[in-house]
Amino acid sequence: MNLADVHLALRAQALAVVVCTTGTMALSATSTGYARLAGSFVTDGFMAGMEVTPTGFTQTTPGIITAVAALTLTISGGRTVQASGGGRALAVTVPAVRVFENLEPTEAGVILPDVITGRPYVEEEFAPATQRLTTNSPRGVVELTGLYLLTWAGLANYDAIAIRRCVDALLTAFPPMQAFTLADGSIARVRGDVAPWARQITTRPGGWAASILTIPWRVTARLP
């Protein structure tokens, strides 16, 4: 059993999280943001302070939502205007700026000099903790435990519920006893006796407000 496989499995689960989305539909881009003719951005769960990523538009860079109404999203700096068209979507996912363990910040695989002021980011830590032999045979079974920590650093001076919704989406992706099959066939699980939890939201220098999600995990493997 390779701890790196545990780390990568937990990371992949986190990066697949979608906080909220319009789904594929007809949308337009305006000088101030985005618009729709039916449905509701409010009902979909979008909130000011979230980072939204567009698909199907000419301009596909993420943008920060500054105001939400049923039929309009206001985006910091506006957008390149495009008439309404189908096959488009808006989604809030894990922030595009990511700080993986022992690496410089990146966005879309490009190394950044630092996290970007005015942009949310996510940071991870992988902390193996304990191991114990659960059988006494020469080919015994060892149990390993540890923590996977994800910091969701949203933007300060917006409603804290915007950050809480994002962290709750991460929590939903790691329910107690969630199983991950590793490359060698071992099974890692989110622990159920000590289930994942999120800490309070605290402000950070530079204009961020962050909550840390702690995911306890356990894996068993047979000794060689």
Side-chain angles (χ1 to χ4, degrees), residues 11-98 107-108 115-116 118-124 150-175 178 196-201 207-213 215:
R11 178 188 290 173
Q13 184 77 356
L15 294 183
V17 165
V18 176
V19 177
C20 55
T21 181
T22 59
T24 303
M25 62 178 300
L27 294 163
S28 62
T30 70
S31 61
T32 59
Y34 297 102
R36 63 199 293 173
L37 298 175
S40 171
F41 291 118
V42 176
T43 302
D44 287 340
F46 294 94
M47 292 189 69
M50 292 178 173
E51 179 181 73
V52 64
T53 300
T55 55
F57 293 88
T58 299
Q59 184 179 4
T60 57
T61 54
I64 303 302
I65 302 170
T66 58
V68 183
L71 299 179
T72 59
L73 280 184
T74 304
I75 303 297
S76 177
R79 300 274 94 173
T80 300
V81 175
Q82 281 188 270
S84 182
R88 295 171 178 167
L90 299 171
V92 175
T93 61
V94 174
V97 177
R98 299 164 183 178
E107 181 177 11
V115 292
I116 302 171
R119 295 277 303 280
Y121 68 91
V122 68
E123 184 176 13
E124 68 164 13
L150 291 165
T151 299
W152 192 297
L155 301 181
N157 301 316
Y158 287 96
D159 192 334
I161 299 303
I163 298 173
R164 184 59 60 203
R165 283 187 179 176
C166 296
V167 175
D168 284 349
L170 279 175
L171 274 171
T172 300
F174 293 94
Q178 172 75 35
W197 73 93
R199 303 180 197 176
Q200 73 273 23
I201 297 170
W208 290 282
S211 177
I212 301 174
L213 175 65
I215 303 159

Checklist entry - Under the side-chain contact (heavy atoms from CB on, under 4.5 Å) criterion, do I65 and Y158 qualify, and how do the steps go? => result CA-CA 10 Å; I65 302 170; Y158 287 96; over 6 Å; no
Checklist entry - CG of L15 to OG1 of T93: how many Å apart, nearest 0.5 Å? => result 9.0 Å
Checklist outcome for this item: Closest non-hydrogen contact found for A209 with I201 is CB-CG2, 3.9 Å
Checklist entry - How long is the gap from CG on L73 to CD1 on I64, to the nearest 0.5 Å? => result 12.0 Å
Checklist entry - Between atom CG of L213 and atom CD of E124, what is the distance when rounded to the nearest 0.5 Å? => result 12.5 Å
Next on the checklist: Which heavy atom of A198 sits nearest to which heavy atom of V167, and what is that distance?
Outcome noted: CB-CG1, 3.5 Å
Checklist entry - Quick one: salt bridge (Lys or Arg N to Asp or Glu O under 4.0 Å) pairs with a partner in residues 13-22, sequence neighbours left out? => result none
Item to check | Non-hydrogen atoms of A29 and R79 that approach each other most closely | outcome: CB-CB, 4.3 Å
Checklist entry - Should Y34 and T72 count as side-chain neighbours, where that means a heavy-atom distance under 4.5 Å? => result no
Checklist entry - Does the side chain of P120 reach to within under 4.5 Å of the side chain of V97, using non-hydrogen atoms? => result no
Item to check | R36 charged N/C atom sitting above F41 aromatic ring, 6.0 Å / 45° | outcome: yes
Next on the checklist: Once salt bridge (charged side-chain N to carboxylate O under 4.0 Å, His left out) is applied, do any residues pair with R119, and if so which ones, sequence neighbours excluded?
Outcome noted: E51, E107
Checklist entry - Side chain of Q13, backbone of A173: donor and acceptor closer than 3.5 Å? => result yes
Item to check | Value rounded to 0.5 Å, distance of CG in L27 from OG1 in T22 | outcome: 5.0 Å
Item to check | Nearest-0.5 Å distance that lies between atom CG in D159 and atom CE in M47 | outcome: 4.0 Å
Next on the checklist: Please find the pair of heavy atoms, one from C166 and one from V19, that lie closest to each other, and give the distance.
Outcome noted: CA-CG2, 3.9 Å
Checklist entry - Excluding sequence neighbours, so at least two apart, what forms salt bridge (charged side-chain N to carboxylate O under 4.0 Å, His left out) with R88? => result none
Next on the checklist: Between W152 and S211, is the side-chain contact (heavy atoms from CB on, under 4.5 Å) condition met? List the steps.
Outcome noted: CA-CA 6 Å; W152 192 297; S211 177; 5.5 Å; no
Item to check | Least distance between heavy atoms, A83 atom then S28 atom | outcome: C-CB, 3.9 Å
Next on the checklist: Using a 3.5 Å distance criterion without hydrogens, assess whether the side chain of T151 forms a donor-acceptor pair with backbone atoms of A153.
Outcome noted: no
Item to check | side-chain contact (heavy atoms from CB on, under 4.5 Å) evaluation trace for W197 with L171 | outcome: CA-CA 7 Å; W197 73 93; L171 274 171; 5.7 Å; no
Next on the checklist: Taking the side chain as everything from C-beta on, heavy atoms only, tell me whether F57 gets closer than 4.5 Å to L90.
Outcome noted: yes
Next on the checklist: When you compare the side chain of F46 with that of V92, does any pair of heavy atoms fall below 4.5 Å?
Outcome noted: yes
Next on the checklist: Looking at every non-hydrogen atom in both residues, tell me the closest pair between T66 and A48 and how far apart they are.
Outcome noted: O-CB, 3.6 Å
Item to check | Worked verdict on Y121 versus I116 for side-chain contact (heavy atoms from CB on, under 4.5 Å) | outcome: CA-CA 8 Å; Y121 68 91; I116 302 171; over 6 Å; no
